[in-house]
2 protein chains.
Amino acid sequence: MKDKIAIPKTTIERLPLYYRCLSKLDRLDVEVISSKELGDRIGVPSTQVRKDLSYYGEFGRRGVGYEVKSLLRQLERILGLDSYWPIVLIGAGNLGRALVNYEGFRRLGLEIKAVLDTDLNKIGNRISNIEVESFKNLDEIVIKHKIQMGIIAVPAVFAQEVADQLVNVGVKAIWNFAPTRIVIPDEVKVKNEDLSVGIVGLVYHLARLD
Amino acid sequence: MKDKIAIPKTTIERLPLYYRCLSKLDRLDVEVISSKELGDRIGVPSTQVRKDLSYYGEFGRRGVGYEVKSLLRQLERILGLDSYWPIVLIGAGNLGRALVNYEGFRRLGLEIKAVLDTDLNKIGNRISNIEVESFKNLDEIVIKHKIQMGIIAVPAVFAQEVADQLVNVGVKAIWNFAPTRIVIPDEVKVKNEDLSVGIVGLVYHLARLD
DNA sequence: TAGATTGTTAATCGATTAACAATC
DNA sequence: TAGATTGTTAATCGATTAACAATC
């Protein structure tokens, strides 16, 4: 096991892919898998799989491969999915509703505990089994549920204001879906999930097809 | 202007960020901007801005900077946003509805022309001003609107089947929101927008906070 | 002219991959 | 043992950044 050597960002980004693939293999009762097979399913070479995992320990058996259940547990620990991370979502619009019901989250053991909005027409509505509450109650809700992660799903113009408030009440990680850059202290982690960036990449490709 | 040298993937991913930033500057009537100022707003060094743009031409004036309107037009052309790219969306669930109404698209001049689903309860419903049609009509809809791009917003188990059909009818770019890898011929471009990957990165960070 | 800023080269940095000894 | 596959080193590849001549 290596230590003190910086782990490449790209490695960290691949870990959830390994995790998801192994979950699926486990559900199919596959017991052992080689770095070659695992890599093929994800679209990376076997050396990359081995190198990525080697940053965290030695999880395989030479001449054999990786035991699916055991590697899955290791990745769960590495990714932090063995702990409980309640989430607050700001914005009860279409996107907010979609995220509450997103199948990918439950699979990871992640749960949106509260949905907040400023729109009086939305407060009190139910999304799935969660009642939309007033954004004014952010502080007490974050304390009550011991929340450290917030999702911003509001129009771009409000995103910075919401981000500031989240930081104020002590949230440590923000997932921002508004198509705008938010400015945040360094100690808070932000992931900008900007959907327009993705589609522009596809258009770029289409525009160059012939 | 360079030619024949491969343009880094990372450069292409930054182009939409420049585009968006310049749109905003233009709306604010800013006329000229330096690579330094532009970079600061996006969070990259000025050298990176200049290098990225240099792959496509010489757009600035030494000692002065970049003329916002002119650079914006150049980027529009480079990204292919000066053409018309009608889109078909498969899946009229929460996520599909969110995408139809996503503010980022219209800004880019992109438009979802048709929404399809297999669920009889959803066919005939309206999302914004689009009527949900049967997935069985995919072929004729793609031909009618000359569609080259498809968005998959269905549950993971159906994603591959939908992708196959999209390829069959001649779609050339696919944006996949289902949390699963889809297998597609090389000549069709796929962008996997896997939301679980993003949130796992944040959890990874939270789990290492202290 | 003096100050500012581009476009580009070359150096640096970081990530991927080939190769192979270790070992099941 | 022979065959398979890991974990790791070293080589390669690709992206970022520092430095600076060109020039507005």
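By convention in this document, chain letters (A, B, ...) are assigned in the order of the sequence lines, proteins followed by strands, and residues within each chain are numbered from 1. Atom set for the values below is all heavy atoms of this structure, side chains included, hydrogens, waters and symmetry mates excluded.
Look at Y66(A) and you'll find a side-chain N or O under 4.0 angstrom from OP1 or OP2 of dG7(D).
Per the geometry, CD belonging to E37(A) stands 13 Å off P belonging to dA4(D), to the nearest Å. In this structure, CG of L53(B) is placed 8 Å from P of dG7(C), rounded to the nearest angstrom. The CD1 atom of I7(B) sits 13 Å away from the P atom of dT8(C) (whole-angstrom rounding). Separating the CD atom of E58(A) from the C1' atom of dT8(D) is a distance of 9 Å, rounded to the nearest angstrom. In this entry the distance linking NZ of K9(B) with P of dG14(D) reads 9 Å, nearest Å. Taking atom CD on E13(A) and atom C1' on dG14(C), their separation rounds to 14 Å, with Å as the unit. dT5(C) atom C1' lies 14 Å from atom CG of L38(B), rounded to whole Å.
Judged by a 6.0 Å distance limit and a 45° cone about the ring axis, R14(B) is not positioned over the six-membered ring of Y18(B).
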Footprint string (nucleotides 16-22 of chain C, 5' to 3'): B base within contact, S backbone only, - free, heavy atoms under 4.0 Å: SBBB-BB
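Here the CG-CZ distance, from L71(B) to F59(B), works out to 7.0 Å after rounding to the nearest 0.5 Å. Put simply, SG on C21(B) and CD1 on I33(B) are 5.5 Å apart, with the number rounded to the nearest 0.5 Å. With values rounded to the nearest 0.5 angstrom, S128(A) atom OG is found 12.5 Å from L99(A) atom CG.
Considering L138(B), V115(B), D117(B) as possible partners of I90(B), the one that fulfils the side chain to side chain contact (heavy atoms under 4.5 Å, CB included) test is L138(B).
Using a 4.0 Å heavy-atom criterion, one finds that S35(A) contacts the sugar-phosphate atoms exclusively. Residue contacts for K36(A): at a heavy-atom cut-off of 4.0 Å it reaches no nucleic acid atom on any strand shown.
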A correct dot-bracket answer for DNA chain C, with pairs being Watson-Crick or G-U at under 3.5 Å, [ ] for crossing pairs and | for inter-strand pairs, is ..||||||||||||||||||||||
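A donor atom on one side chain and an acceptor atom on the other are not found under 3.5 Å apart for Y56(A) and Q74(A). A donor-acceptor contact closer than 3.5 angstrom links the side chains of S46(A) and R50(A).
For F105(B) and W175(B), the gap between ring centers is short of 6.0 Å.
No more than 12 heavy atoms of other residues, nucleotides or ligands sit less than 6.0 Å from atom CZ of R41(A).
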